[in-house]
Amino acid sequence: MVTHERLICSSDEVVEKGMGVRFDMPHLGERETGFVLRYRGAVHGYINQCAHVPAPLDWKEGEFFDLTRTAIICATHGAQYHPETGYCELGPCKGKSLKKLNIAERDEKVFLIEQI
Ligand code: FES
């Protein structure tokens with residue numbers, strides 16, 4: 001297995017509790033995406049797929065946070081996930097988790113670290 005770094009975006013595109021940045025994940029499927037967002041200063045990344053039903057989480061591209069900007073919310077049935085862990089704290093998939101991605105931030109850039 002080889003470690004591969006993929007550039008996702010520049011750091012300034014991921015604003016604290018702001019819009020997330022989606023990116024394609026073609027090896028998971030033609031329409032599959034991942035996303036990164038910033039919470040408490042750190043960038044976190046997940047596969048954009050709810051733990052309840054495998055549907056994208058954002059109601060509008062990049063809109064992952066709920067109104068309080070303290071939880072990731074699923075647009076379909078409202079499951080709420082902790083932004084730092086991806087753990088579902090409320091909703092039909094309570095107790096399950098989003099699939100977390102290995103993200104690195106350095107030199108003002110955000111990278112996805114993949115094992116290929
Ligand atoms: S598909 Fe996300 S809560 Fe049902």
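Every number for a ligand or one of its atoms is a count from 1 in the order of the listing. In what follows, every heavy atom counts, from backbone to side chain, and hydrogens, waters and symmetry copies are set aside.
- Atom 1 (S) of ligand 1 has as its closest protein heavy atom H77 ND1, 3.5 Å.
- Going from atom CG of N48 over to atom CD1 of I72 covers 9.5 Å, rounded to the nearest 0.5 Å.
- Side chains of Q115 and T3: a donor on one and an acceptor on the other come within 3.5 Å.
- Listed by number with element, the atoms of ligand 1 under 4.0 angstrom from any heavy atom of P92 are 3 (S).
- Minimum-distance N/O/S atom of H52 relative to atom 4 (Fe) of ligand 1: ND1.
- No side-chain donor-acceptor contact under 3.5 Å links E105 to the backbone of S11.
- Contact atoms of ligand 1 toward A79: 3 (S) (distance under 4.0 Å to a heavy atom of the residue).
- Contacts with ligand 1 closer than 4.0 Å are made by heavy atoms of both the backbone and the side chain of V53.
- Annotation: cation-pi geometry satisfied between R106 and F111 (NZ/CZ under 6.0 angstrom from ring centroid, within 45° of ring axis).
- For Y81 (side chain) and A51 (main-chain N/O), a donor-acceptor pair under 3.5 Å exists by modelled atom type.
- None of the N, O or S atoms belonging to C50 lies under 2.8 Å away from atom 4 (Fe) of ligand 1.
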